[in-house]
Amino acid sequence: MTKPKKAKSYQAPRGMHDILPEDQKYWRYLQKKAESLLEDYGFDRIDTPILEDVDVFLKGVGDATDIVSKELYTLNTKGGDHLVLRPEGTASIARAYIEHGMHVRPHPLKLYYWGAMFRHDQPQRGRYRQFFQFGLETIGDASEAVDAELIFVGWRFLESIGLKGINVQINTIGDQNCRPAYIRALRDFYKARTKKICDSCRERIKENVLRVLDCKEPGCRTIMQEAPQIMDFLDVDCKNHFRRVMEFLDAADVPYVLNPYLVRGLDYYTRTVFEFVPEDRADGAPVLSVGGGGRYDRLIELLGGSKTPASGLALGLDRIVAELKERDISVPDTVAKPKVFLVQLGDAAKRKSLPLFEEIRRAGIRIKSSLGRDSVKAQLRIAHRLEVKYALIFGQKEALDGTVIAREMETGVQENIPLEKIVDELKKRLRE
Ligand code: HAM
């Protein structure tokens, strides 16, 4: 006898995960908190497609970055378009800004977005191939106050959800006037040490030398301590810009640390860059930033718009949810709990249950039911589990009489109430 073939068991794609009903409260809570804070700070929501033309990121984020050279999900459509699943939101926002002629709107334009991003990275704890970001972009203002405001709002958001002790690391990477000299000095420094650095860094020297400062290899990190630092190459304008960002942060009491090796993995940055990094972990595992951003004064021009300064940040929501859970921070469930459960028995009652349920729901009373079930016992068990105040028992007799039994769950006291009075009666009793 041939063995029956075992059915294939399907799983979510590697590096991607489901968000189950029991975890939804974290996401609802974060979205609610974010929306109220961002409304106060004058940000408007924008949504862009998950797919974009590949060039938006090749040009915008930079073809030498890991995100673009190694991690893009690409697809050729039947119509011949070359699209990618967006790896981040900033370049998409810049594309939308140009496409919709938003330069005519009052500036600065303050936008925020919330959505899934995709990077074909090596999956590990906290590093996914599909992850959610919420991001803010302030477009059309070159002032250092904007950078400080974004850092402040990001930090405030994290504080407001109970994530204390987040390290704000900041740095500047200069601009097109002063950075080239730094890059030359850095390349010369590393070229003289190619034998002592890792293979990836040897590649980075050719392609994108700033990224060597990001290397986590112990040998490379030791060498990094002696590498030239951007501070010594900044021109007066960049130096002043950075100093003023720090003055704003001091005045707003945002605790920050200067990290001269912070360069970020996207090419569009100019001047200020920053990251939000949780405290070191007790188990010694590497800490991953929960957010990051910076100024990008040339991105819009690079994508075909006019010269427009801008600055922004994005927070990684999967990592934030993981931090909340790890720190045992409980979040309120913003979905109101049901107060009433409708128990039905028999065909006539079952048929009339849906309109009754709807009438009570429309009156603003949180009600639940399980219309598919027949057993009263099973339905009352659900009512208990949901901790409702009242169960409405609607059987054959009640359906004929035009009444319903209201059972107070705590005391077990039951009372027969005419159907036309049930809404008012429930309202009265639930107010008490
Ligand atoms: P990013 O640093 O690439 O910046 O991403 C921002 C945040 O997204 C990270 O700090 C992290 O929390 C989360 N994140 C990134 N990659 C992953 C991943 N593979 N798995 C889980 N979480 C991840 C940007 O995306 C820029 N667009 C930020 C920005 C906005 N700059 C200016 N405006």
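Residues take their numbers from the sequence shown, with the count starting at 1. One-based numbering, in listed order, for ligands and for the atoms of each.
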| message | For atom 9 (C) of ligand 1, what is the closest protein heavy atom, and at what distance to 0.1 Å? | response | Ser289 OG, 3.9 Å
| request: Under 4.0 Å, heavy atoms only, figure out whether ligand 1 is touched by the backbone of Leu288, its side chain, both or neither. | output: neither
Run the side-chain donor-acceptor check on residues 34-42: report pairs under 3.5 Å with partners two or more places apart or on a different chain.
| unit_1 | atom_1 | unit_2 | atom_2 | d |
| --- | --- | --- | --- | --- |
| Glu35 | OE2 | Gln31 | NE2 | 3.3 |

| Of Ile422, Val388, Leu426, the residue whose pairing with Val340 passes side-chain contact (heavy atoms from CB on, under 4.5 Å) | Leu426
| message | Could you tell me, atom by atom, which parts of ligand 1 come under 4.0 Å of a heavy atom of Gly291? | response | 10 (O), 12 (O)
Can you give the donor-acceptor pairs under 3.5 Å from side chains of residues 284-297 to other protein atoms, not counting sequence neighbours?
| unit_1 | atom_1 | unit_2 | atom_2 | d |
| --- | --- | --- | --- | --- |
| Arg295 | NE | Asp147 | OD1 | 2.9 |
| Arg295 | NE | Asp147 | OD2 | 3.1 |
| Arg295 | NH1 | Asp141 | O | 3.2 |
| Arg295 | NH1 | Asp297 | OD1 | 2.7 |
| Arg295 | NH2 | Asp141 | O | 3.0 |
| Arg295 | NH2 | Ser143 | O | 3.1 |
| Arg295 | NH2 | Asp147 | OD1 | 2.8 |
| Tyr296 | OH | Glu137 | OE1 | 2.7 |
| Asp297 | OD1 | Ala310 | N | 3.2 |

| query | Which ligand 1 atoms does Glu137 reach within 4.0 Å, using its non-hydrogen atoms? | reply | 30 (C), 32 (C), 33 (N)
| field | Close-contact set for ligand 1 against Val290 heavy atoms, below 4.0 Å | value | 10 (O), 12 (O)
| request: Do me a favour and list the nearest non-hydrogen protein atom to atom 11 (C) of ligand 1 with residue, atom name and distance? | output: Arg319 NH1, 3.4 Å
| said: Give me the residue, atom name and distance of the protein heavy atom closest to atom 14 (N) of ligand 1. | reply: Phe131 CE1, 3.5 Å
| note | atom 19 (N) of ligand 1 has as its nearest protein heavy atom Tyr128 O, 2.9 Å
| query | Quick one: does ligand 1 sit under 4.0 Å from the side chain of Tyr296, the backbone, both or neither, non-hydrogen atoms only? | reply | side chain
